[in-house]
2 protein chains.
Amino acid sequence: MSERGRPRTFDRTAALRRAMDVFWVKGYEGASISDLATAMGINSPSLYAAYGSKEALFLEATDFYSRVEGPDIWLALEEAPTAREAIELFLTRTAKAYSQADRPQGCLITLGALHQDSTSGLICADLRRRRAENHSALQKRLERGVAEGELPIDFDSRAAATFFATVQHGMSIQARDGASCTALMATVAGAMAAWHTLAGVEKA
Amino acid sequence: MSERGRPRTFDRTAALRRAMDVFWVKGYEGASISDLATAMGINSPSLYAAYGSKEALFLEATDFYSRVEGPDIWLALEEAPTAREAIELFLTRTAKAYSQADRPQGCLITLGALHQDSTSGLICADLRRRRAENHSALQKRLERGVAEGELPIDFDSRAAATFFATVQHGMSIQARDGASCTALMATVAGAMAAWHTLAGVEKA
DNA sequence: CCTTTTCTGTGTTGATCGATACATAAATGA
DNA sequence: TCATTTATGTATCGATCAACACAGAAAAGG
C-alpha cells in the first residue's frame, strides 16, 4: 500500500477508541477538539490529518461503536431460538451493557446527539439512521417469529418493534441517571410482561 | 413593592416562555446566550439583569415548563379512578403532548441536559431530581392501587414505576426521531399490555 | 546523496462562547 | 428640581471553539 512518508507514531484504532469514549461520555457537542486530542494522546493537527474533521471523527467513532459494542447486544436476536427469548436476551444484555461501571452508561447511538443544531445536522441524521436500522432488526426478528408460527399471523411486528426499541432508548436515560443493572432489569421484566398479551388475543 | 427605577420594557414571563422553547429545542449546551436573547426579544445585559445567568435562566425555564406543560400529563394520575386507567391516561397524554406539531417534540426534563460536563453539572442534577420526582409520583399512584385493593399485596410498585417511567423517557427519544402520535401510541399499547402480567401472578 | 511524501509540534486564525463595563434613559422619592 | 434607582443599548471582555499555517522530522524512491 502507501507506506511513503513519515509513519504515524500513534495507533489509529486505539486513538479512535479513546475518541469514542469521549463522545460517549460528553456527546457530540460537549466533546471539544481539545478534549478529544488530549484523550487520544495526540495534537489537533494529527487529529485532523488522520480523521478529517470533528464530524468525520464522530461518524467513524459511532461506526466503531456499532462494530465493537453493538454485536454483544444485537447478536442476541440470532442466537436465541425463539422470538420471545431473542427479545428477552436482547434486553437483558442491554441492561448489563448499559450499567457496566468501567464504561460510560447508556448508548452512544441513543444519547450522542439529540439536539440537532446547525453544525450537527449530519450527525443527528446519521444517528437517526442507525436507530432506524435497530428498529428494523427487531421488526425482522419478530416477523421471523410470525413466519415460524411462534407468533400469530395478525401479530403487529412493527408496533411491537417500536415498543421494544423505545424501551431500550428509555433504558439509556435510566442508565445515565445512575440505575444499576438490577434496576434496569425491572424495566426488562416490565417489557417482557407485555409479551403474553402482545402475542395473544390483543386484537380483542 | 419595589417600583423604583426605570420599569422593564418586556414581559418577564413571556420572555421566559420563549427561553423555555429555545432550551426545549436545542438543549442546555446547544442554546447560546445569543440564541436566547434573540428569541426573547432582548439584549444580553437585560437577560442577565432579569435572570442572573444562563444556568439560573435554565432552572427557571424548567420550573416554568413543569408548571405549564407538566400538569396536563401528570394530573392524569389523580383524575383516573383506577391505577390502570391512570397509567394509561398518563401515557396517552404523553403520546399526544410529545408529538404536537406546534411544539418541540419530546420532553425538556428528559432531553434538556443528558451529558454532564463541568459547566452543566448543576443543571443535570436538577433535571435528575425532577425525573426522580416523576418516578416517585408514578410509584405513589401504584401504591395507592395496592392500598385500594386494585393491585395484589405483593405488587412491586417501585419496579413497575421504573418500567413506566423508562417507557416515557424512551418516548421522548422516539418523538425526537419524528414519531407520530399514532407511532407513540404503539409504545403505549405495548406498555399497557404488560399490565395483566404485572398485576397478576408475576411472582410465579 | 537528494527529492518526495507524510506526520508531528508550536503557534495562531477568525468566530463564538458566557458574561460585563459603561453611558444613557426612564421611573420614584424627597 | 434633583438625587437615587433600575433598565436599556452599544460595545467589549477574556476564554474557548473548530480548524489550520508552517517549519522541522522521519520515512521511501531514485
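Chain letters run A, B, ... following the sequence lines, proteins first and then strands; every chain starts at 1.
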>> Walk me through whether B:Arg130 and B:Asp63 qualify under salt bridge (charged side-chain N to carboxylate O under 4.0 Å, His left out).
In response: CA-CA 9 Å; B:Arg130 298 191 116 96; B:Asp63 191 69; 2.9 Å; yes

>> For a salt bridge (charged side-chain N to carboxylate O under 4.0 Å, His left out) check, start with the C-alpha distance between A:Asp126 and A:Arg129, then their side-chain angles and the critical distance, and finish with the verdict.
In response: CA-CA 5 Å; A:Asp126 184 71; A:Arg129 179 182 60 77; 2.8 Å; yes

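Rounded to whole Å, atom C1' of C:dG18 lies 11 Å from atom CG of B:Leu36. Protein atom CD1 of A:Ile33 is 20 Å distant from nucleotide atom P of C:dG11, rounded to whole Å. One can place OH of A:Tyr51 at 18 Å from C1' of D:dC20, the figure rounded to the nearest angstrom. To the nearest angstrom, C1' of C:dC17 lies 15 Å from CG of A:Asp35. Between the C1' atom of C:dC17 and the NZ atom of B:Lys26 lies a distance of 13 Å, rounded to the nearest Å. One interatomic measurement links the two molecules: CD1 of B:Ile42 to P of D:dT8, which rounds to 8 Å at whole-angstrom precision. Rounded to whole Å, atom C1' of C:dT6 lies 14 Å from atom CZ of A:Arg12. Going from atom CG of A:Asp11 over to atom P of C:dC7 covers 14 Å, rounded to whole Å.
Comparing C:dG18, C:dA19, D:dC17 against the side chain of B:Ser32 picks out C:dG18 as the nearest. Listed nucleotides: D:dG9, D:dA19, C:dT20. Nearest to the side chain of B:Ser46: D:dG9. The listed nucleotides are D:dT8, D:dA28, C:dA21; the one nearest the side chain of A:Arg4 is D:dA28. Counting only heavy atoms from C-beta on, B:Pro45 has its side chain closest to C:dT20 among C:dT20, D:dA19, C:dG18.
In terms of phosphate contacts, A:Tyr48 brings a side-chain nitrogen or oxygen within less than 4.0 Å of OP1 or OP2 of D:dA19. The phosphate of C:dT8 (OP1 or OP2) has a side-chain N or O of A:Thr9 nearer than 4.0 angstrom. Residue A:Asn43 places at least one side-chain N or O under 4.0 Å from the OP1 or OP2 atom of C:dG9. Phosphate contact (OP1/OP2 of C:dA25, side-chain N/O of B:Arg6, threshold under 4.0 Å): absent.
Remark: B:Arg12 fails to qualify as a cation-pi partner of B:Phe10 under the 6.0 Å distance and 45° angle criteria applied to the six-membered ring.
For the side-chain contact (heavy atoms from CB on, under 4.5 Å) with B:Trp24, the qualifying choice from B:Leu111, B:Thr62, B:Leu108 is B:Leu108, the only one to do so.
Within 4.0 Å of B:Ala31, counting heavy atoms only, lie sugar-phosphate atoms of the nucleic acid but no base atom.
Under the 4.0 Å criterion applied to side-chain N and carboxylate O atoms, B:Glu79 and B:Arg93 are assigned as salt-bridge partners.
Both B:Ser44 and B:Pro7 sit near DNA chain D, but only B:Pro7 has its closest nucleotide nearer the 5' end.
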